[in-house]
Each structure stands twice: as structure tokens, then as C-alpha cells.
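Below is one structure; the comments refer to it alone.
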Amino acid sequence: MTIRLYDTSARQIRDFTPITPGCVSIYLCGATVQAAPHIGHIRSGLNFDIMRRWFEYRGYDVTFVRNVTDIDDKIIRKSAEQDRPWWAIGYENERAFNDGYTALGCLPPTYEPRATGHITEMVEMMRGLIERGHAYEADGNVYFDVRSLPGYLSLSNQDLDELRQPSEDGETGKRDPRDFAMWKAVKPGEPSWETPWGRGRPGWHLECSAMAHKYLGSAFDIHGGGIDLIFPHHENEIAQAVGFGDEFAHYWVHNSWVTMSGEKMSKSLGNSVLVSEMVKAWRPIVLRYYLGTPHYRSTIEYSEEALREAESAFARIEGFVQRVVEKAGGPVEPAAEVPPAFAEAMDDDLGVPQALAVVHTTVRQGNSALAADDKEAAVARLAEVRAMLAVLGLDPLDPHWAGESDRGEDLHGVVDTLVRLVLQQRESARVRKDWATADAIRDQLNQSGLVIEDGPQGPRWTLGPR
């Protein structure tokens, strides 16, 4: 058993070898909390949640760190625009992110540090970089000297002579325009902290280097994030950490975007779809299926049609689960192991689409067993399906999803009584061989959003896809 991952720094799929046998350390760039999350933000959390679940299934002890960037230029601009404290905006949106992660079934991280809680660690890292000749102070700013570090830009594979480093107002005193700010001198009305070089606030890149060092040490296994973070953020994280003396991440794993009309989903383009609104229109477990089942390195082009297809596909899985539970007369525990084909797909760079194909094949086999009234085989297939769905965070029998109320689960008993009265009328029509009336009743139920299935135990109903 060898898990293989695509390593951005190596530009190829590599066998995963942990630093400490039996343990995996993961640092994921989390939320910048200047606004509420859209589904593109949450996709990254979902992809790495599945990675974590798979490592845990394979027997690893996982330490998963996902940071919160609660101070940066965007948050400060939002504070000025809204005339609200920067910390109030950050806290409000941090809660919105966590609500989104929880709604879509992401396991909580081992640690979730906030940037503003680690100023001391940032100062220590800057002091070490200055002492080693990799950084310098100018006009109250602290800059990283990119020419001082051989190998800079190896992650993004750029040419230093062609580099255009993003820069903000107030970044004065640079020796080279390609140098980047680790610490920014205080400006009137902005939050600031005291340092040996004067009051100011941290740069975005410094925050993650310092927090990764604190929680995962000088070397850790996997650093994750969206592909848009490769440069400048991750490139500059590496520069700071390596310049400080750390090995830093041994593998770099990046997920792709959710796009609309071919463009990356973003607040600035006005094309974002907020998670808080999406969970009102769609069941969260369906959203997880939609966002979590494409390969993490593939782009998802958002559309309602694609969401409806995901809803229908998951309904087929969920319907099978419900039918077997009814047939078995109670819960069916997940199998101890997933099928070999599923494991092979997941070991190969988290091949969720191929793994999901195994799920659907097993569901079809289970449905055939049900049709043949082979209870034992149907139960065995459900046990396998539940084991696979647990890895993907999509087991509808998991207690996390038991509280879903988006489809009026609290009214299920009332609806069930009413539908059964109508089904009794349909059954009476069938006994009378009044097929026209029976078909008309079924058609009317279908039009109302109910799916009627006739089985050995009589008709049953489920809510169909919208």
C-alpha cells in the first residue's frame, strides 16, 4: 500500500513517504476572512478533508492545521469601506467559514490558529532572517531579499529577471522591487503591533510561515491550498521558512478552482455563490457530493444543471441505502475495509472520480440483489457502500447528516401519512384494474416531486431531484 500524490514542486506524482512513520502532518492555507465564503472557498476545505479521511483510513495519525488570516490588506480595506472594526469583520466571517465547513461535513482541524495570535512568532522569524542576511528593515517595513536565497521561484518555475512582485502602497525603501514585504509600517487608523523595527502589521506570507513552524515544526509532510496561491503566497512562504533554516513542506498539493463562465469564482468579479445561500437551496450533502467528487486538480464549472445532475446521482445512492435498511429491518454497519478497486483509486493521487465509479457499481450490484430478493448480498453491498461513503464524507446514515432539515424532515411523518392515503387509493384502482386512474395518481405524485417505487413490500415514496 502506497499513497501517491501530485507534488507541485516536483511537477509529477510521487510516492508519499511521511517524515515520521505512521504520522502525517498537513498545513492548509485557510480562510482570509474579509467576507463570507463562496463555494470556491469551501471546495479547498472539502478536498483536503477527503485527503485527511483517506490518510486516517489507511491508519495514519493525522495532524491537520488550517489557519485563519484575520489581518491583511483586504480586511483593512473592508473595515474602512464599512466603517466597522477590522476584528469585527474578521470574527463574523470566520464564523461564516466554520459554519460552511461544518454544514458540508468537514472534520474540524487539529489546530486552527489565527494570524493575530502569533505576532511573537513572526517577530522571531523576521529577526532570524535579518541575522542570516535574508531580510532587512527600511522605513519601518521589513523586506525579504529575494536575491539572497538560491532556488527562489522553484515552486512556481518563474524567471527572477522577469518577476513582477505584487506590491502595496507604503512599501517604501526596497533595495529591489522584487523583494516582498514581511512587515508593513503602521499607517494612520490601521491596526498595529510593536516590534524592534517600529509599529506595524504582518504581511500575508509571513503569517503562514510562522504558524506552520509553530504547530508543525521545521519540517512537515504536506502543504496545501488553491492553485492561485502558488505565487506569490506559497513561493514566499518557502523563501521565509528556508531562509530561517526550516526544511518546510516535503509535498505541495494544490486544488483547482470553481469557475463561472470560465473565470475563477471570486468576490471581486461579482460571480460568487455564497455557501450560506446555497445550503438554503440545496441539501448540504448534495453540495458536498457536487464539490467533493470531481478530482481535486480539475476545474469545476459551476451550473445549476451540474448541481441537479449531482443531486440525481446522489439520490440513486441514497435510495439504495434506504431500501436495504428497510429490507434488513435496521442499520447495516460499514464494512471493515473498502473494496480493493476503491482503495487503488484513492491511493492514486486521491482519484475520487474513479473511486466514485466503484461506489455506483456496488450500488447497481446491490439493487440487482434487491430485485432478486437476495437480502444477504444486498446487505453486504450496503456495508461496502457505507465504508466507501465514509471516506468521502457522504454516508447518509452518518449522524452528521441526520439533522438535515432542508427538505422538511420534521414534517416527514405528516407527509408520509398523507402520501400513504393517496397510495392506498392508487392500490385500490390497481386491484380494480383501473390502470388509467392508478397511472394518473402516480403521475400527479411525480409532478409534486415524489418518486414512487413498487416493491415486494408494496409501494414506497422518496423525494425526487428538483
Side-chain angles (χ1 to χ4, degrees), residues 5 8 18-19 23-56 60-72 74-75 90-118 121-122 202 204-217 219-230 233-234 236-238 241 246 248-258 275 284 287-288 291-292 296 350 392-393 400:
L5 296 171
T8 304
I19 295 170
C23 299
V24 180
S25 47
I26 303 172
Y27 185 93
L28 174 63
C29 282
T32 298
V33 288
Q34 87 273 15
H38 56 63
I39 58 174
H41 292 129
I42 298 298
R43 181 193 182 182
S44 180
L46 276 175
N47 289 152
F48 286 92
D49 182 65
I50 292 171
M51 172 191 281
R52 173 193 186 170
R53 288 170 183 263
W54 183 243
F55 274 120
E56 289 179 345
Y60 287 95
D61 181 8
V62 179
T63 300
F64 181 59
V65 179
R66 184 183 68 210
N67 77 293
V68 176
T69 298
D70 61 341
I71 186 67
D72 84 332
K74 296 176 183 177
I75 295 171
Y91 183 66
E92 175 184 280
N93 292 311
E94 180 183 342
R95 292 191 64 177
F97 267 88
N98 282 328
D99 287 347
Y101 291 133
T102 300
L104 270 63
C106 293
L107 300 172
T110 311
Y111 308 110
E112 191 169 28
R114 294 190 186 103
T116 55
H118 298 80
E121 290 81 2
M122 297 178 206
W204 177 29
H205 317 305
L206 178 64
E207 298 173 349
C208 284
S209 297
M211 288 187 286
H213 178 89
K214 177 178 177 65
Y215 291 95
L216 297 176
F220 58 95
D221 292 306
I222 298 169
H223 195 311
I227 57 171
D228 52 320
L229 300 182
I230 294 174
H233 187 48
H234 289 165
N236 292 346
E237 278 188 64
I238 294 172
D246 288 354
F248 211 50
H250 284 202
Y251 297 80
W252 286 85
V253 178
H254 292 92
N255 64 279
S256 192
W257 294 331
V258 177
V275 176
L287 282 176
R288 183 179 177 101
L291 293 171
Y296 74 91
L350 303 177
L392 303 177
H400 175 81

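In this text the structure is predicted, and so the values were computed from the model without any measurement.
In this structure, CZ in F64 is found 6.0 Å from CD1 in I26, a value given to the nearest 0.5 Å. We find the OH-CD distance between Y101 and E112 to be 7.5 Å, quoted to the nearest 0.5 Å. The OG atom of S256 sits 11.0 Å away from the OH atom of Y296 when rounded to the nearest 0.5 Å. Note: F248 CZ to S209 OG = 4.5 Å, rounded to the nearest 0.5 Å. Considering CZ of R43 and CG of L287, their distance stands at 14.0 Å, rounded to 0.5 Å. Interatomic distance, D221 CG to F55 CZ, rounded to the nearest 0.5 Å: 7.5 Å.
Contact check for I75 versus V33: side-chain heavy atoms found under the 4.5 Å cut-off. Taking 4.5 Å as the limit, every side-chain heavy atom of N93 sits out of range of all side-chain heavy atoms of Q34. At least one side-chain heavy atom of P113 sits under 4.5 Å from a side-chain heavy atom of H118. Taking the side chain as every heavy atom from C-beta outward, L5 and M51 approach each other to under 4.5 Å. The shortest side-chain heavy-atom distance between Y91 and R114 falls under the 4.5 Å cut-off. When side chains are defined from C-beta on, H41 does not count as touching T32, because their heavy atoms never get closer than 4.5 Å. Side-chain contact check for F48 versus V253: some heavy-atom pair is nearer than 4.5 Å.
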Item to check | Audit row: Y111, M211, side-chain contact (heavy atoms from CB on, under 4.5 Å) steps and yes/no | outcome: CA-CA 10 Å; Y111 308 110; M211 288 187 286; over 6 Å; no
Next on the checklist: Run the side-chain contact (heavy atoms from CB on, under 4.5 Å) test on W252 and I238 for me, step by step, so that the C-alpha distance in whole Å, both residues' side-chain angles and the decisive distance to 0.1 Å come before the verdict.
Outcome noted: CA-CA 11 Å; W252 286 85; I238 294 172; 3.2 Å; yes
Checklist entry - When you look at I71 and E207, which way does the side-chain contact (heavy atoms from CB on, under 4.5 Å) test go after all the steps? => result CA-CA 9 Å; I71 186 67; E207 298 173 349; 3.4 Å; yes
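When every heavy atom of L28 is checked against every heavy atom of S44, the shortest pair comes out as CD1-OG, 3.7 Å. Taking each heavy atom of V275 and I42 in turn, the nearest pair found is CG2-CG1, 3.3 Å. P108 and R52 make their closest contact through O-NH1, 2.7 Å (heavy atoms, listed as atom of the first residue, atom of the second, distance). Shown here for A103 and H400, the closest heavy-atom pair between the two residues is O-NE2, 3.8 Å. Considering all non-hydrogen atoms of both residues, Y60 and C23 come closest at CD2-N, 3.8 Å. Taking all atoms of both residues into account, the shortest heavy-atom contact from A115 to M122 is O-CE, 3.1 Å.
Remark: of the listed residues H234, H254, H250, H234 is the sole one forming a ring-ring contact (aromatic ring centres under 6.0 Å, His included) with H223.
A donor-acceptor pair under 3.5 Å is formed between the side chain of D72 and the backbone N or O of K74. Panel note: side chain R288, backbone G105; a donor-acceptor pair is recorded below 3.5 Å. Of the possible polar contacts, none joining the T110 side chain to the V65 backbone as a donor-acceptor pair under 3.5 Å is found.
Side-chain contact of N67 with T69: a donor-acceptor pair under 3.5 Å is present, judged by distance alone.
In summary, D99 and R95 do not engage in a salt bridge, as defined by a charged side-chain N under 4.0 Å from a carboxylate O.
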